[in-house]
Amino acid sequence: MRTPLDSPFSPGSDTVPQVWAGRTAQLSDWRDVLRPRRLAGLPERGRTVLGEAGLGKSSLVRRIAADAADRGDWVTPQLRIPSGADPLKKVAQALLEVARQARLPAARERSIGQLLSRVETVAAAGVSLTLRDQPGPEPYTTLTELLIEIGRAAMKRGDVIALIHIDEMQNIGSEEALSQLLIALGDALTFEEAVEVPGGAVVQRALPIAVYLTGLPEFADMAGARTGATFARRFQTTTLGPIDDDDLTSALQPFIVEGWEIPDGTGGTTRILMEPEARAAIVDLSRGEPFLFQLAGQQAWYAGTGDLINRAQVIAGWEMARSEAAAHVERILARLPRREREFLEEMAALEPKERTLTAIAKSMGLDRGSAAGPTSQRLDSIRGILRRGKPYTFRHRAVEAYLTTQWPEVS
Ligand SMILES: Nc1ncnc2c1ncn2[C@@H]1O[C@H](COP(=O)(O)OP(=O)(O)O)[C@@H](O)[C@H]1O
Ligand SMILES: [Mg+2]
């Protein structure tokens, strides 16, 4: 018997979901590129993962951080920037925690003790330290120094890396704080330490530090406007799109073949199975949105108590989830500037093969395609909602379904 208590689905939480789908390119980038290269002292940029709400940015980096922690790496605690908060304080606090994992407070050098107490001051006062015109170093240089010490400690330990993850970057309201933060992280990433190699030669190597920044696509504008080319040289940006249906299908495979194991209430375990048709319905309804995938799965789980999840339960569960699914897409649309929303609406109103820039611009009441060019460019390269091919297509499949079909109604 299944009960809501045993559901492995987790809509709306950004902990690492138990039923995990896809994102293999990003996971492999961490395991096969970023981590090994930084461990080897090779330069590798920080990673910025952007995307619309619900695409799984926080979960992805949580999963990477969990993987790192399993290997014994030093990882920042959950660090999301609340709107309007001073990020330097938050980051200083998180770095002090990483410094504890690195056992820096036990270091004998006086300079490290002094550095830690300067970081304590940043953790308490944040960016206001700069504005107050105090003597002494700017907060960002203090943070860079600490990152470098953490990196040195990791290098000495061997085979560990310090992973810094800062979430909800778009919430940083102060330009001053943002540029200080990006400089501190970037300077630590590009810092090179001289080390002696066997044979006596001295070489320069990067420190074993990795940085992940996550947030809404707007963050690309904020960072670009302020630090432009420097930011791009130091951070590599990925905009997440929907998850492929194949990946969602594979994620549910354990339910099909052996069943998902849950406690049976009497000290043993039992397994919950899923009909292939039920799985196909979940995949179809979620339109590549990880949030909706979790929601559809959870509601199907709740829609019955037996050991088999069938298609009827998926559909009945979706009834309960439908308004939430609609609200999810409406929130994404409502957050867009009016021009961008209009563009998507006019694009959706055209027949798929007629969705060219000229035709969409004309529907918007503009006389030339080029007048809508910047809008379409943003929707493509910054937000990842559409693809400017010939013709234009939607990349965000839930937005497409919402604007062009009866979805989330089930026919
Ligand atoms: N790769 C994934 N596979 C399955 N579910 C996922 C995946 N990534 C995220 N989710 C689920 O999607 C929802 C939104 O994820 P979250 O990380 O909070 O998105 P974001 O930070 O982009 O807003 C959560 O319920 C999470 O469990
Ligand atoms: Mg998030």
Side-chain angles (χ1 to χ4, degrees), residues 4 7-31 47-67 76-83 85 87 90 165-172 212-220 237-255 260 274 279 282-283 285-302 317 321 324-325 327-336 382-385 395-399:
S7 164
F9 294 100
S10 55
S13 109
D14 56 13
T15 55
V16 182
Q18 290 184 64
V19 187
W20 178 269
R23 302 293 183 226
T24 44
Q26 289 80 10
L27 293 172
S28 140
D29 172 63
W30 155 250
R31 285 185 197 136
R47 300 290 191 262
T48 308
V49 180
L50 304 180
E52 294 301 323
L55 281 175
K57 306 174 291 291
S58 306
S59 306
L60 171 64
V61 183
R62 283 289 152 65
R63 171 145 182 182
I64 289 170
D67 174 75
T76 42
Q78 174 166 11
L79 176 53
R80 26 181 352 158
I81 306 295
S83 189
K90 289 256 168 194
H165 171 208
I166 311 176
D167 200 1
E168 309 286 11
M169 288 295 289
Q170 82 283 349
N171 280 342
I172 300 180
Y212 278 91
L213 308 177
T214 44
L216 294 174
E218 282 76 4
F219 173 64
T237 299
T238 320
T239 305
L240 290 185
I243 296 185
D244 289 344
D245 281 356
D246 283 350
D247 288 331
L248 295 177
T249 303
S250 312
L252 295 173
Q253 187 68 3
F255 288 87
W260 190 274
M274 191 181 278
R279 166 168 74 175
I282 291 178
V283 171
L285 290 167
S286 3
R287 300 296 149 108
E289 287 291 284
F291 169 67
L292 298 182
F293 173 71
Q294 297 290 336
L295 187 64
Q298 185 184 59
Q299 292 302 329
W301 184 285
Y302 290 179
E324 242 191 284
H328 171 69
V329 177
E330 281 156 11
R331 262 196 308 276
I332 292 170
L333 293 172
R335 251 185 7 87
L336 297 178
I382 309 268
R383 300 197 188 275
I385 294 183
R395 188 162 171 238
H396 198 292
R397 290 190 288 130
V399 165

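Excluded from the calculations below are hydrogen atoms, water molecules and symmetry mates; all remaining heavy atoms, backbone and side chain alike, are included. As the structure lists them, so they are numbered: ligands from 1, and atoms in each ligand from 1.
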- Do side-chain atoms of Thr214 reach the backbone of Val49 as a donor and acceptor pair under 3.5 angstrom? no
- What do you reckon, does Leu60 have a nitrogen or oxygen under 3.5 Å from a nitrogen or oxygen of ligand 1? no
- Item | Sequence-distant partners of Glu324, side chain to side chain donor-acceptor pair (under 3.5 Å), two or more places apart | none
- Note on the structure: If you count every protein N, O or S atom closer than 2.8 Å to the Mg ion (ligand 2), you should arrive at 1
- Query: Using 30° and 60° as the class limits, which term best fits the ring planes of Phe9 and Trp301: parallel, tilted or perpendicular?
  - Reply: perpendicular
- Task: Please determine which of Pro87, Pro82, Ser83 meets the side chain to side chain contact (heavy atoms under 4.5 Å, CB included) test together with Asn171.
- Result: Ser83
- Message: For the CD1 atom of Ile81 and the CG atom of Asp167, what is their distance to the nearest 0.5 Å?
- Response: 8.5 Å
- Message: Give the atom numbers and elements of ligand 1 that come within less than 4.0 Å of a heavy atom of Leu55.
- Response: 19 (O), 22 (O)
- Message: Would you say that Gln26 contacts Trp30 through its side chain, given a criterion of any heavy-atom pair below 4.5 Å between the two side chains?
- Response: no
- Query: How far is atom 13 (C) of ligand 1 from its nearest protein heavy atom, and which residue and atom name does that atom have?
  - Reply: Phe291 CA, 3.7 Å
- Looking only at protein heavy atoms, what sits closest to atom 16 (P) of ligand 1 is Ser59 OG, 3.5 Å
- Structural part of Lys57 in contact with ligand 1, heavy atom criterion under 4.0 angstrom: both
- Query: Any idea which protein heavy atom is nearest atom 24 (C) of ligand 1, and the distance to it?
  - Reply: Ser13 O, 3.1 Å
- Tell me which protein heavy atom sits closest to atom 5 (N) of ligand 1, plus the residue, atom name and distance to 0.1 Å. Gln294 NE2, 2.8 Å
- Message: I'd like the name of whichever of Ser10, Gly51, Gly56, Gly54 reaches closest to atom 23 (O) of ligand 1 through any heavy atom.
- Response: Gly54
- Item | Distance filter under 4.0 Å to Ala53 heavy atoms, resulting ligand 1 atoms | 23 (O)
- Item | Which residues share a side chain to side chain contact (heavy atoms under 4.5 Å, CB included) with Ala251, sequence neighbours left out | Val19, Ala21, Phe293
- Find all atoms of ligand 1 within a distance of less than 4.0 Å from any non-hydrogen atom belonging to Val19, and give their numbers and elements. 3 (N), 4 (C), 5 (N)
- Side chains of Met169 and Thr48: does their closest heavy-atom pair fall under 4.5 Å? no
- Message: If the contact criterion is a heavy-atom separation under 4.0 Å, does Gly22 count as touching ligand 1?
- Response: no
- Listed partners of Ser28 passing side chain to side chain contact (heavy atoms under 4.5 Å, CB included), at least two apart: Asp32
- Item | Any side-chain heavy-atom pair of Leu27 and Trp20 under 4.5 Å | yes
- Heavy-atom donor-acceptor pair, Gln170 side chain to Leu216 backbone, under 3.5 Å: yes
- Task: Only one of Thr238, Asp29, Thr237 passes side chain to side chain donor-acceptor pair (under 3.5 Å) with Arg47; say which it is.
- Result: Asp29
- Item | Protein contact of atom 18 (O) of ligand 1 - nearest heavy atom, named by residue and atom, plus distance | Asp14 CB, 3.3 Å
- Task: Could you check atom 3 (N) of ligand 1 against the protein and tell me its nearest heavy-atom contact, residue, atom and distance included?
- Result: Ala21 N, 2.8 Å
- When you measure from atom 7 (C) of ligand 1 to every protein heavy atom, which one gives the shortest distance, and what is it? Pro290 CB, 3.7 Å
- Ile166 side, atom CD1; Lys90 side, atom NZ - distance, nearest 0.5 Å: 11.5 Å
- What part of Pro11, side chain from CB on, backbone N/CA/C/O, both or neither, has a heavy atom under 4.0 Å from ligand 1? backbone
- Message: Starting from atom 21 (O) of ligand 1, what is the nearest protein heavy atom, named by residue and atom, and what distance separates them?
- Response: Ser58 OG, 2.8 Å
- Message: Below 3.5 Å, N or O to N or O, backbone or side chain included: is there any such pair between Ile243 and ligand 1?
- Response: no
- Between Glu52 and His396, is any side-chain donor less than 3.5 angstrom from a side-chain acceptor? no
